[in-house]
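Chain letters run A, B, ... following the sequence lines, proteins first and then strands; every chain starts at 1. In this text, all values refer to a predicted model and were calculated from it rather than measured experimentally. Note: hydrogens, waters and symmetry copies are ignored here, and every other heavy atom, side chains too, is used.
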Amino acid sequence: MPGDAGPVPLKIVVAGGFGVGKTTLVRALSEIPPLLTEEAMTAASVGVDDVTALPGKRTTTVAMDFGRITIDDALILYLFGTPGQERFWFMWDELARGCVGAVVLVDLHRIEECFPAVDYCENRRLPFVVALNLFPGTSTFPVEIVRDALALAPEVPILRMDARSGDSCLSTVITLVEHALQRTSVPH
Amino acid sequence: MRPGGPAGPPATDRHDDRVVPVYAMTGGRTRSAGPDLPVESLVVATDRWPGDLQKEHRMIIELASRPVSLVEVGARLRVPVGVARVLVSDLADAGFLMVHTPPPVGQDGGPAAAMLQRLLDGLRAR
């Protein structure tokens, strides 16, 4: 709200396929112990199969992990790992609303698993970076092949990183914020 | 099945140490009366003395001695974010908490350039 001099929260979404390192990245950067939160979801949000599998159950919950970086006295950055499965996408909308942007983590052995996250960011015009989490045997893979494979626009940053390294994760987040800032000054 | 059943995790028992069923805490409400607060909204305790508030309310006020987000309140109390939102809204309405919502977004739906610059400067200084 205008004139509100209180502390300000910002958030970044960490997306990608199951097991690609989202939780690792969040934990590498977070100053608070790993915390899980739950979001209730209504039957309408769940696939039909799930409703029939749970007769009489109106809601279920989904766990997501998050981390926190205190930037200064009055600015706090939250990192949210998105739930992997598509049926939890209703939560992405809440997480993506007003966010700085998204880090889309990619395991080059399973590159197709990041397609939904890339599609989501492109459709919502969210600033995003593609972060190639260096699993063994992938470190020499040329970045431009990834750009072609994902049909990424030339301005979308692609970087190699290691989600286990705090420095590497910090550089990744900095690249995202730089990209988001750049986009505020150019028409898109 | 416990009374608060629908809010319970489907497959795990990791919240079995909950103090009370979550919907008992909120009087059965699952949505707060006010506009839905974003999960990253920050709450800060005011000077108002909590007195004899229920345990969960006192826990929130204690957590909020420094800025803490709605999602952290939920995680620390081991309740879904929706429940934390109701509890926090009640405490804010009663004057125990100040709620700070995320900054206004620009035309592209994201934070304004000045805010991003401040974030960038802070991250680079780490």
Side-chain angles (χ1 to χ4, degrees), chain A residues 1-2 4-12 32 34-40 50 54 56-61 63-66 68-78 80 94-101 124-127 166-167 170-171 173-174 177-178 180-185 188, chain B residues 1 5-12 14-15 22 30-31 36 38-44 66-84 98-126:
Chain A
M1 60 195 86
D4 182 352
V8 174
L10 293 175
K11 63 183 167 183
I12 282 174
I32 53 174
L35 286 175
L36 277 174
T37 185
E38 286 179 4
E39 187 80 90
D50 300 87
L54 300 165
K57 191 171 175 61
R58 287 189 304 106
T59 63
T60 184
T61 57
M64 58 178 180
D65 53 358
F66 67 93
R68 161 180 167 144
I69 304 176
T70 301
I71 302 296
D72 58 45
D73 286 349
L75 186 60
I76 299 174
L77 177 66
Y78 287 93
F80 288 97
E94 171 160 14
L95 295 179
R97 196 176 304 125
C99 79
V100 170
R124 307 298 164 108
R125 297 180 171 278
L126 274 186
D167 287 347
L170 182 61
S171 307
V173 169
I174 287 174
V177 180
E178 286 169 344
L181 184 59
Q182 210 164 26
R183 284 202 3 172
T184 60
S185 59
H188 52 268
Chain B
M1 189 163 155
T12 71
R14 64 189 176 83
H15 285 166
V22 289
T30 57
R31 301 186 78 83
D36 272 3
V39 293
E40 72 274 23
S41 300
L42 293 170
V43 298
V44 185
R66 302 183 64 185
V68 65
S69 63
L70 199 56
V71 72
E72 284 173 281
V73 169
R76 295 289 292 273
L77 264 67
R78 298 169 179 264
V79 299
V81 176
V83 174
M98 280 288 290
V99 177
H100 302 278
T101 53
V105 295
Q107 224 169 12
D108 60 355
M115 193 57 76
L116 291 174
Q117 187 65 57
R118 186 171 151 200
L119 174 62
L120 190 55
D121 293 344
L123 287 170
R124 282 175 174 158
R126 293 179 78 85

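- Comparing Gly74(B), Ala112(B), Ser69(B) by how many heavy-atom pairs each has under 4.5 Å with chain A, the most go to Ser69(B).
- In terms of heavy atoms, Tyr78(A) sits closest to Val68(B) at OH-C, 4.2 Å.
- Applying the side-chain contact (heavy atoms from CB on, under 4.5 Å) test between Met115(B) and each of Val100(A), Leu181(A), Leu75(A) identifies Leu75(A) as the sole match.
- In this structure, chain A has heavy atoms under 4.5 Å from both the backbone and the side chain of Glu72(B).
- The two atoms that bring Thr184(A) and Ala113(B) nearest to each other are OG1-CB, 3.6 Å, heavy atoms only.
- Between chain B and the residues Asp167(A), Val173(A), Leu170(A), Leu95(A), the most heavy-atom pairs under 4.5 angstrom are made by Leu170(A).
- When all heavy atoms of Leu42(B) and Pro7(A) are compared, the pair lying nearest together is CD1-CB, 3.6 Å.
- Of the listed residues (Gly109(B), Gly110(B), Ala75(B), Gly106(B)), the greatest number of heavy-atom pairs within a distance under 4.5 Å of chain A belongs to Ala75(B).
- Contact annotation for Ala96(A): neither backbone nor side-chain heavy atoms come within less than 4.5 Å of a heavy atom of chain B.
- Proximity to chain B is limited to the side chain of Arg68(A), based on heavy atoms less than 4.5 angstrom apart.
- Put simply, the side chain of Asp72(A) reaches to within 4.5 Å of the side chain of Arg118(B), judged on heavy atoms.
- For the atom pair Ile76(A) CD1 and His100(B) NE2, the distance stands at 10.0 Å (nearest 0.5 Å).
- With sequence neighbours excluded, no residue satisfies salt bridge (Lys or Arg N to Asp or Glu O under 4.0 Å) with Arg97(A).
- Looking at heavy atoms from C-beta onward, Val39(B) lies in side-chain contact with Glu94(A) at the 4.5 angstrom threshold.
- Nearest heavy atoms, Pro111(B) versus Leu10(A): CG-CD2, 3.8 Å.
- Looking only at heavy-atom pairs under 4.5 Å with chain B, the residue among Asp73(A), Leu77(A), Leu126(A) that has the most is Leu77(A).
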Acceptor/donor pairs from residues 119-126 of chain B side chains to any protein atom, 3.5 angstrom cut, sequence neighbours excluded:
from	atom 1	to	atom 2	distance (Å)
Asp121(B)	OD1	Gln117(B)	NE2	3.0
Arg124(B)	NH2	Glu178(A)	OE2	2.7
Arg126(B)	NH1	Thr70(A)	O	3.3

